[in-house]
Amino acid sequence: MTVAPAAQLSQETLALTKRLFVQLQRRPSTLVAGVLQPLIWLVLFGALFANAPDGLIPGGVSYGRFLGAGVIVFTAFSAALNAGLPVMFDREFGFLNRLLVAPLRSRYSIVLASVLYITSLSLVQSLAIMAAAWGLGYGWPGGAGLLVVLLTLLLLVAAVTALSLGLAFALPGHIELIAVIFVANLPLLFASTALAPISFMPSWLGWLAALNPLTFAIEPIRAAYLGQFSLNAVVLEAPYGSLTAAQCLSALLILSAALFVSIRPLLDRKLS
Amino acid sequence: MIQLDQLSKRYGALQALDGVSLNVPAGCLYGLLGPNGAGKTTCLRILCTLLAPDAGSVQIAGIDALADPRAAREQLGYVAQEVAIDKILSGRELLQLQASLYHLDAATSRRRIAELTELLGMGEWLDRRCGTYSGGMRRRLDLASGLLHSPAVLVLDEPTVGLDIESRAALWQVLQQLRDDGTTILLSSHYLEEVDALADRLAILDGGRVIAEGSPESLKRDLGGDRVTLRVREFATPQEAQQAQSVLQQLDGVRQVVINRAQGHAINLVVEGEGAALLDRLRQQLEEASVPVFSLAQSRPSLDDVYLQATGRTLMDAELASVSSRDPKAEKKQAMR
């Protein structure tokens, strides 16, 4: 046992991450479903509003191009929301105890493995949806735009993963976790600017959408898709004022950090 | 090698452990015997650093496991009662994962997996997915993952529950071999014969306390006297048994009379003296008192008698009583993080 602590940490984290990917490879249904669902949204909603009158969307964009950003964010969001499920199953079936009797360098390697896994999974799914949107003629963010999209998705995925992992340790079982995921998923989509602009909403819904973290991810990505991205450009006209892309991304960053900080005592307790 | 000192643990209103102290010498195969709910699993979970005791101390190979749990875990192999495996992985992949969690290098990991495959006869099926394994295979795989890092101390919680006779015999043999090679083994069981046959030393746990401790031979010897089992009928009624009991208590040389409900109200006697003459004398006395005799058998004291002596009931009775009072939901909650 002469291995350095950092090497031990990466050894155990990689082994735990590898396990999750082997599971995915042999049971790819979550991967497929995670792409299929947003794809259906993209095609059906795109078709539903294909003949919408001009000027429905501010800036004279077609509805399909408008919808693309929303569905991409929804894809990453849904994937990250499931981050806690493997952990919950390990808790319930006692596999976690097997991990906890091992002399792990840090028990956060269990959490870290989940974060690595779900981040890569959700980015892959989002890229698949981006490719599909491009195929449907809804555009592709060029060069720097792609970086903005990936960065924004990363921030959102981090926040949602923290939330889901926290729930996985706080809730009593997978039935409850799935119920929360199920209940949270669609309302958060509808109460955001994924499907319609705020100008389109009654004022109470507009307020909700303007406070919804999904909106903070959707709007910078939408701007990147339109090729007008600049950190200081206003991307969201909220009832409480205008937000620039930089402000949206900062909000996501703060949210992620706050969530990780707030689940930390729970993780410490459950993993100690 | 293992020293538990005055361990206490309470789950709500239930005092699971009430001042348990154990001392397991190095190279010893030590049995922890007791009915379900006696505190065996709680004791082992504390030893394996999965659970913090309310009070007491735990030392493993000179390491204070409560102060430095990580160092203690390096010394420990733990084979839990409920076999938690990942059905999607193959046995080999599970062992490889386990090897990484114990920070074995690639060469050591390969060597140990090969050695254990040989020792436990896993060659044929190790590359199949765990989901397809039988109970016996799972138990062997679990034992392999407990042994992978060549721990100084191996802890097994009820390792033979649900195993067929053949797998059980094979497991016993492996454990004895490991002990002969110097591994200290602590195993819990509610099977008397298992502990009697396997253990060098044992502790009997009941209601969260150690009620007897020593080698199987010394415990039985210290009890003294012979055991006689009397059945007045094949399945006697409680009344018949009580009648016979009141007669038997008057007899010379009879030290103790207990009605064994689990054996169809057979009557267990502790008697002075030994040999065939004793049985003849007893048979005669019973005839004089007109107590019917279906069967009368004599035996040396067993570990069950040790338990009976200490608690006033047989292990089987305690086991049956605990079955009805078990709360699977609460047990799951205790095991879950």
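Since we're looking at a predicted model, the values are computed, not measured. The sequence lines fix the lettering, A, B, ..., with proteins before strands; numbering per chain opens at 1. Computation of the quantities below employed the complete heavy-atom set of this structure, encompassing side-chain atoms and omitting hydrogens, waters and symmetry-equivalent molecules.
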Side chains of [X] and [Y]: closer than 4.5 Å at any heavy-atom pair?
X: B/R70; Y: A/L104; value: no
X: A/V101; Y: B/L50; value: yes
X: A/P103; Y: B/Q75; value: no
X: A/V22; Y: B/D86; value: no

If you take all heavy atoms of B/H103 and A/Q11, which pair is closest and at what distance?
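In terms of heavy atoms, the two residues are closest at CA-OE1, 3.1 Å.
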Return the minimal non-hydrogen interatomic distance between A/Q23 and B/I88, and the atom names on each side.
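So the minimum-distance heavy-atom pair works out to CA-CG2, 3.9 Å.
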Do other residues, nucleotides or ligands put more than 12 heavy atoms under 6.0 Å from the [atom1] atom of [X]?
X: A/W140; atom1: CH2; result: yes
X: A/K18; atom1: NZ; result: no
X: A/R27; atom1: CZ; result: no
X: A/R264; atom1: CZ; result: no

For chain A, which candidate among B/K87, B/Q96, B/E93 shows the most heavy-atom pairs at distances under 4.5 Å?
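Option with the greatest count: B/E93.
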May I ask you to name which of A/L96, A/L16, A/T13 has the most heavy-atom pairs under 4.5 Å with chain B?
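Ranked by contacts with chain B, first place is A/L16.
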Output the distance between atom OG (B/S90) and atom CZ (A/R26), rounded to the nearest 0.5 Å.
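Between B/S90 OG and A/R26 CZ, I get 6.0 Å after rounding to 0.5 Å.
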For B/L94 and A/F95: C-alpha separation, side-chain torsions, deciding distance, then whether side chain to side chain contact (heavy atoms under 4.5 Å, CB included) applies.
CA-CA 11 Å; B/L94 190 78; A/F95 201 86; 3.6 Å; yes
Does any heavy atom of chain B fall under 4.5 Å from the side chain of [X], the backbone, both, or neither of them?
X: A/L100; result: both
X: A/L14; result: neither
X: A/R91; result: both

Given 3.5 Å as the limit, does a donor-acceptor pair link the side chain of B/Q98 with the main chain of A/R98, or not?
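Checked: no pair found.
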